[in-house]
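A, B, ... follow the sequence lines: proteins, then strands. Residue 1 opens every chain. Predicted, not measured: the structure shown is a model, and the values here were computed from it.
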Amino acid sequence: MAKEITSRSENYSQWYNDIVKKADLAENSAVRGCMIIKPYGYAIWERMRDQLDKMFKETGHVNAYFPLFVPKSLFEAEEKNAEGFAKECAIVTHYRLKNDPSGHGKLMVDPEAKLEEELVVRPTSEAIIWHTYKDWIQSYRDLPILINQWANVVRWEMRTRPFLRTAEFLWQEGHTAHASKDEAIEEAKKMHDVYATFAEEYMAMPVIKGFKSENERFAGADDTFTIEALMQDGKALQAGTSHFLGQNFARAFDVKFSNAQNEYEYVWATSWGVSTRLVGGLIMTHSDDDGLVLPPKLAPIHVIIVPIPKPDDVILQKAQEIADALRALGISVQIDKDENKRPGFKFAEYEMKGIPVRIGIGLRDLQNNVVEVARRDTKEKMSVPLDGIDVFIQNLLEDIQQNLFNRALKYRDEHITRVDTYEEFKMVLEEKGGFLSCHWDGTAETEELIKQETKATIRCIPLRQEMEEGQCIYSGKPSKGRVIFAKAY
RNA sequence: CGGGGCAUAGCGCAGUCCGGUUAGCGCACUUGGUUUGGGACCAAGGGGUCGUAGGUUCGAAUCCUACUGCCCCGACCA
């Protein structure tokens, strides 16, 4: 059998690239750092988007759309935020091209068409949105505003990787405005919970919920809540963040409201987002050396039916019956009627694409009133009676979803290591990787030194943990609880 | 922005050192046939301004110069 995917042990990065390519998820484009998301990859994103959108609506949010371009003067209003993104902004400076007099049929930027004010291509939309909210908010009766937008953003990255880090990416960004600090914090936490639930229940990707250290916090936030997942190579992936923005943007954009006592107050804010990066996380959480592995809840196709040998009438009719029965249960099914490819080729191909369940139907099976069912997560094959096949598959899909989560959780838990000395820290980081749970003195200096010396960063300060007196692994100073370090994507 | 590599058919490559008929191989593609329970086989086909521009030469994919693009590794980052 021709191996088309580099094994994880041989070269993890190459394995990841191979999966993206061979599973037909995305490809590089003519634009540096920007990828083309192909139909199958986009279908996965659509399923993520649809589910998240539903969860946002259920928590009271509505969708809207704000412009791609942000005037520089607005962008720079909230200084910390602007500074945080300044180094990776694309800027529009002109609005017209003209024929290049020195070249044949070539175009050049028309120097006459310089914009009076440059436009920043949004790396995030707080600025344009808070500029707008100023007009929308007068009274506490106008609050809260609970808006989400699905959009593309641009961050001019030095080095990019499909899905994990691209110059342009798709995401959603929630931007809410509140009359009180408590309500805003509650909102940020609520969306943090939504992300964690989505990651675990739909992506089958276990996450650690926590908040960021000051160094790692979103520029312009008072607090950043994060979900952190662990990839199979022992590196952490920040999978979603929810920010309590305090009154920083309200002050920067002068957004005040009259409270019930008719006094002016600055509005309290949150923002929260997840991106196409989640697709990268999904790949690296479950997939194996044979290709992509998808959890049923996000798989565009749940079941592929492969007729064996060549599709003939009897087999196709049976395949159609099974497909109809499965579809009646809300399961998405495709029958592969291609006569030019052999079954073995199809098996390998569908495994590469991570389709959770494959049903093979041959004449021999039909004589015995069974079909062959193969599950992608364990590669297990079984002979299953036709009678009740629909319910069997339905249960199997649930089982696969659960199994993927359990498997990822076991791996994750086995790779959270409690360490109490810096020597141990460096050793575990080097030899085992994963999350390191240890004491830290709470200072940015220590965090920075550890980062410089080991490349590990504080992924989060976990929300759920017992308070425990200890000593910082680096400085030996007292600490009241453990934080999670890791090398990160 | 530093350091390394690559550019020849849709994709992956050989040929370049040491210039010489008509530039080759695998996969993919087209047509016909035999096949089909884990990546089938046979036969016949189509497809190239050898990254761009200039130079050396009787003659350049091959030598020289400049340019452009892409990939990998670092610094930076979700």
Report the distance from atom [atom1] of [X] to atom [atom2] of [N], rounded to the nearest whole Å.
{"X": "A:R122", "N": "B:rA78", "atom1": "CZ", "atom2": "P", "answer": "19 Å"}
{"X": "A:D18", "N": "B:rC11", "atom1": "CG", "atom2": "C1'", "answer": "14 Å"}
{"X": "A:I355", "N": "B:rG38", "atom1": "CD1", "atom2": "C1'", "answer": "16 Å"}

OP1 or OP2 of B:rA28 under 4.0 Å from side-chain N/O of A:K341: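 For A:K341, the contact criterion (side-chain N or O under 4.0 Å from OP1 or OP2 of B:rA28) is not met.
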N/O (side chain, A:R342) to phosphate O (OP1/OP2, B:rG37) under 4.0 Å: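 A:R342 to B:rG37 OP1/OP2: side-chain N or O found under 4.0 Å.
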Ignoring the backbone of [X], work out which of [options] is nearest its side chain.
{"X": "A:R364", "options": "B:rA75, B:rG37, B:rA40", "answer": "B:rG37"}
{"X": "A:A348", "options": "B:rC77, B:rG37, B:rG39", "answer": "B:rG39"}
{"X": "A:R165", "options": "B:rA75, B:rA78, B:rG37", "answer": "B:rA78"}
{"X": "A:F345", "options": "B:rA40, B:rU36, B:rA78", "answer": "B:rA40"}
{"X": "A:I308", "options": "B:rG38, B:rG37, B:rG74", "answer": "B:rG37"}
{"X": "A:Q238", "options": "B:rG74, B:rA78, B:rG38", "answer": "B:rA78"}
{"X": "A:E88", "options": "B:rU36, B:rC76, B:rC77", "answer": "B:rC77"}
{"X": "A:R32", "options": "B:rC77, B:rC70, B:rG38", "answer": "B:rC70"}

Passing candidate, side-chain contact (heavy atoms from CB on, under 4.5 Å) with A:L282, options A:R277, A:M205, A:M203: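 Option passing the side-chain contact (heavy atoms from CB on, under 4.5 Å) with A:L282: A:M203.
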Distance flag, aromatic centroids of A:F485 and A:F425, threshold under 6.0 Å: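 Centroid distance A:F425-A:F485: below 6.0 Å, so yes.
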Dump every N/O contact between nucleotides 44-46 of chain B and the protein below 3.5 Å, one line per pair.
none

What is the base-pairing partner of [N], counting Watson-Crick and G-U wobble geometry with both distances under 3.5 Å?
{"N": "B:rC70", "result": "B:rG5"}
{"N": "B:rG32", "result": "B:rC42"}
{"N": "B:rU16", "result": "none"}

Worked verdict on A:I227 versus A:H192 for side chain to side chain contact (heavy atoms under 4.5 Å, CB included): CA-CA 7 Å; A:I227 54 172; A:H192 187 217; 3.8 Å; yes
Exam field: side chain A:N248 to backbone A:L245, donor-acceptor pair closer than 3.5 Å: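 It does hold such a pair.
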Pair A:D53-A:W150, side-chain donor/acceptor within less than 3.5 Å: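 A:W150 and A:D53 do have a side-chain donor-acceptor pair below 3.5 Å.
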